[in-house]
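Take a look at the structure below.
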Amino acid sequence: MTELLVAFLVSTVAAATPLLLAATGELVAEKAGVLNLGVEGMMLAGAIAGFATANETGVTTLGVLAALLAGTALALLFAVVSLTLQANQTATGLALTIFGRGFSALLGAGYVGIPAPTLPKLHIPLLSDIPILGPVVFGHDILVYLSFAILGAVAWCFRSTHLGLILRAVGDSHDAAHALGYAVLPIRYAAVAFGGALAGLAGAYMSLAYTPLWAQDMTAGRGWVAVALVTFAAWRPFWLLIGAWFFGALMYLSLYVQALGVAVPSALLSALPYIGTVVVLVLISRDRRLIRLHRPAMLGRPFQARA
Amino acid sequence: MLVRNESIAPGPLLAMTGMTKQYPGCLANDQVSLTVERNQIHALLGENGAGKSTLVKMIYGVVKPDAGEIVWEGQKVTVPNPGAAQRLGIGMVFQHFSLFEALTVTENIALGLATAKERVGLRGRILQISTEYGLPLDPDRVVHDLSVGERQRIEIVRCLLQNPKLLIMDEPTSVLTPSEVQKLFVTLRRLASEGCSILYISHKLEEVRALCSAATIMRLGRNVARCAPAEKTVKELAEIMINMDLHRPTPRPPVASTAPPRLVVDRLTIRSHNQFGTDLKDISLSIAGGEILGIAGIAGNGQSELMDALSGEISAGKPESVLIDGVAAGHMGPADRRRIRGCFVPEERNGHGAVTTMSLADNAFLSGYLRGALVRFGVIDKKRTFVFAENIIRRFDVRTTGPKAEARSLSGGNLQKFLVGREVLQDPSVLVINQPTWGVDAGAALAIHEAIMALAQGGAAVMIISQDLDEIFVLADRIAVIAGGRVSEPVATRYATVESIGRLMGGTSVIADSSAEMAHALSDAR
């Protein structure tokens with residue numbers, strides 16, 4: 001029973017990590033007023049870039065770095081098209097996802113089925129050996145802890161720093177921010193690039209830690225769940241964490257139920273984490289005032305400085 | 001107290017000459033000059049579209065001039081962006097406030113301060129300035145929850161924190177009660193005496209005469225006069241501004257006391273949908289055919305809820321709580337109310353009254369399709385719609401290129417004329433207008449007032465909800481006040497005074513709803 005519980009908790013945290021990373025990045029972009037629906041594409045780009053680099057060099061750190069750069073590069077492409085050229089953000093984001101999927105499949109064709117070096121789990125002497133608590137809290141790889149640290153830093157930045165205030169201001173009213181002399185576009189570029197970097201990182205986690213393999217479309221819609229998490233968490237960092245964990249837990253449970261051979265259609269079980277997460281988050285985000293106070297009013301709206 | 005220790009160079013604070021700005025298809029500013037002296041409250045007057053905003057935006061660095069010279073404290077300067085303007089010592093309070101709704105008062109103000117040093121102890125300084133200058137503010141409230149008057153105070157405090165030498169105010173009093181206006185004037189005079197000049201943009205000529213020692217008047221992008229406003233009459237100022245004879249609307253004969261009521265509101269009680277809205281409490285009134293009832297009150301006292309309940313945008317509860325020509329309409333939506341000849345002009349032109357990105361013809365169709373019979377066999381009758389829109393444009397002197405023009409291409413005054421005209425031409429028996437002339441120039445306001453009066457003359461019952469007391473006194477036969485979601489017993493306009501009505505409006509958005517107090521004030525008014 002204890003072993004089961006440990007396995008459950010460890011798997012939940014692991015399954016939640018790519019969501020948490022990608023959703024944190026998307027949160028930052030959306031708080032600045034940019035809706036980037038290309039998360040799935042950026043994750044896949046990160047996954048293949050990370051996998052290929054780690055495979056060629058044998059160094060996982062380089063792989064992680066490459067994933068970060070790949071995500072950022074795609075995000076910047078999105079920024080040029082949707083911010084500078086002011087194309088519709090929704091359409092551009094969708095195109096980015098399609099592009100990311102196709103491009104990663106193309107690059108990854110030669111890597112299917114090859115094992116890659118895996119991101120090592122941390123082993124902290126003593127701490128990691130504590131029963132139950134050890135493996136659950138101290139037994140993960142570095143990216144898991146990084147995802148918590150980044151979420152915490154982002155939450156703190158929004159709440160307590162001037163930088164965070166400027167970012168929220170740009171997302172709430174870009175015209176007012178411009179009138180006060182803030183450089184709306186550079187701030188949005190930075191936010192989008194940050195979102196891309198984290199999506200890339202989320203991809204690297206998928207292909208170097210979660211299931212250390214490359215398979216086409218291996219993110220399986222997690223990018224979309226991350227986008228949904230941001231909305232349903234009503235743009236509050238803490239609820240991203242809850243949502244991601246909830247998704248992770250359902251993911252594990254559905255696998256477990258499948259393994260037990262319960263007579264439920266497997267398609268339904270696979271869909272369960274996605275459906276469950278959405279339902280629960282919809283329930284907690286029904287308060288309209290909450291949405292108004294946290295939803296960036298400029299979300300998806302192009303900005304043009306009036307001269 | 002604003003501390004000024006810079007040595008003061010001789011000459012005017014700001015001297016601009018030859019300011020020119022060309023927009024595609026429109027010369028917004030043509031060789032405009034403006035000189036503001038130190039310690040001066042200087043008025044910038046002109047119709048909407050006269051180029052005031054463009055000129056001011058060039059001073060503030062929001063718009064880049066094509067030509068012209070700005071001399072600030074004796075030195076030629078360029079103002080590439082608002083930050084540069086702030087560094088020079090120029091602050092601006094915008095007409096449409098540039099505030100962040102989801103942020104708190106303190107956060108909003110912090111965003112206007114460039115360096116971390118300025119932000120130290122900000123909350124305390126906000127409280128200090130707000131008490132010192134009589135601008136009460138709670139630094140921790142979220143802007144979304146604040147009234148318009150409070151929002152304006154944020155902008156003023158934000159500017160004052162930067163020790164400006166010039167404060168630009170765009171239409172500052174349009175959202176304030178008479179007593180709030182008086183308080184603002186005290187603040188502004190004090191600022192001017194302490195060395196902060198004020199550039200005051202307004203349509204309210206009476207205020208300009210009371211407050212400003214000099215005025216620059218613009219028309220069609222050019223200077224037309226510079227004068228001391230106190231030496232001119234309101235009529236003279238207005239005539240320079242719009243270059244035509246301005247007459248007050250001719251008074252109408254009194255309404256026969258036997259005229260049957262066409263709009264009856266009976267014990268209307270509604271909980272506001274908006275958490276920060278005002279609940280309507282037990283509102284009863286009746287308007288006869290040929291009569292204009294004015295509803296005065298400060299923004300946020302239930303005007304928008306009343307408007308929505310009358311127009312059908314929200315249900316008025318029981319069907320009997322709103323009667324249009326005797327038909328119980330409280331449960332009806334806007335289209336059904338239009339079928340029984342009720343027409344409505346909401347407060348917000350852009351996005352509520354009109355779809356800004358659609359053509360005037362399409363906008364005319366949106367509210368006029370029923371009464372104008374603009375649908376044939378379920379399909380839009382383009383030709384009739386076009387003719388209907390053309391008719392509005394011609395009858396109400398809407399300056400535009402034609403029915404195909406996008407609504408957003410019109411100036412505020414012209415769009416408002418179009419929207420009022422759209423409803424008036426549907427031959428309503430009941431017309432309710434919220435803020436008929438908000439942010440509209442004197443010429444357009446007069447045209448709108450005349451249209452409203454002519455409609456009443458023709459036998460319609462008209463309700464105008466307005467924060468502009470002058471307007472209410474000009475138009476209304478009877479005046480009621482909305483405060484805290486209650487509407488006072490209407491008084492005949494000839495028995496009412498600005499003071500008595502102003503007292504009913506109160507000084508804050510939350511008013512003790514003592515009907516005894518109201519009755520007392522009303523008996524004073526008589």
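Letters go in sequence order (proteins before strands), and every chain restarts at 1. Just so we're clear, the structure is a prediction, and the values are computed from it rather than from any experiment.
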Worksheet item: Heavy-atom distance under 4.5 Å to chain B: side chain of Ala297(A), backbone, both or neither?
Response: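 Contact with chain B is absent: no heavy atom of Ala297(A) under 4.5 Å.
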Side-chain donor-acceptor pairs of residues 27-41 of chain A under 3.5 Å, sequence neighbours excluded:
residue: Glu30(A); atom: OE1; partner: Trp235(A); partner atom: NE1; Å: 2.8
residue: Lys31(A); atom: NZ; partner: His294(A); partner atom: O; Å: 2.9
residue: Asn36(A); atom: OD1; partner: Gly38(A); partner atom: N; Å: 2.8
residue: Glu40(A); atom: OE1; partner: Arg222(A); partner atom: N; Å: 3.4
residue: Glu40(A); atom: OE1; partner: Gly223(A); partner atom: N; Å: 2.7
residue: Glu40(A); atom: OE2; partner: Thr219(A); partner atom: OG1; Å: 2.9
residue: Glu40(A); atom: OE2; partner: Gly221(A); partner atom: N; Å: 2.9

What residue, out of [options], has the most heavy-atom pairs lying under 4.5 Å from chain A?
options: Ala102(B), Ala85(B), Ala84(B); answer: Ala102(B)
options: Val142(B), Asn81(B), Leu111(B); answer: Leu111(B)
options: Pro82(B), Gly61(B), Gly83(B); answer: Pro82(B)

Worksheet item: Hey, which residues of residues 148-174 of chain A are touching chain B, say heavy atoms under 4.5 Å apart?
Response: His162(A), Leu165(A), Ile166(A), Arg168(A), Ala169(A), Asp172(A), Ser173(A)
Fill in: All side chain to side chain contact (heavy atoms under 4.5 Å, CB included) counterparts of Val81(A), not counting sequence neighbours
Ala87(A), Thr92(A)
Worksheet item: Where do Val32(B) and Met58(B) land on the side-chain contact (heavy atoms from CB on, under 4.5 Å) test, with the steps shown first?
Response: CA-CA 11 Å; Val32(B) 179; Met58(B) 289 193 288; over 6 Å; no
Discussion item. Within the supplied structure, the quantity of interest is the number of heavy atoms (other residues, nucleotides, ligands) at a distance under 6.0 Å from Tyr145(A) OH; does it exceed 12?
Written reply: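 Counting neighbours around OH of Tyr145(A), more than 12 heavy atoms of other residues, nucleotides or ligands fall under 6.0 Å, so yes.
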Item to complete: Taking Lys21(B) for its side chain and Lys64(B) for its backbone only, find out whether a donor-acceptor pair lies under 3.5 Å.
Response: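 Looks like yes, one N/O pair under 3.5 Å.
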Practice prompt. Sort and list the pairs that fulfil side chain to side chain donor-acceptor pair (under 3.5 Å) and have at least one residue in residues 84-93 of chain B, not counting sequence neighbours.
Written response: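 Every pair satisfying side chain to side chain donor-acceptor pair (under 3.5 Å) with a residue in residues 84-93 of chain B: Tyr60(B)-Gln86(B).
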Discussion item. I'd like to check His178(A) versus Gln304(A) (side-chain heavy atoms, cut-off strictly below 4.5 Å). Are they in contact?
Written reply: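 Result no, sub-4.5 Å side-chain heavy-atom pair not found.
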Discussion item. For Asp170(B), is there an ion pair with Lys52(B) - N to carboxylate O distance below 4.0 angstrom?
Written reply: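 No.
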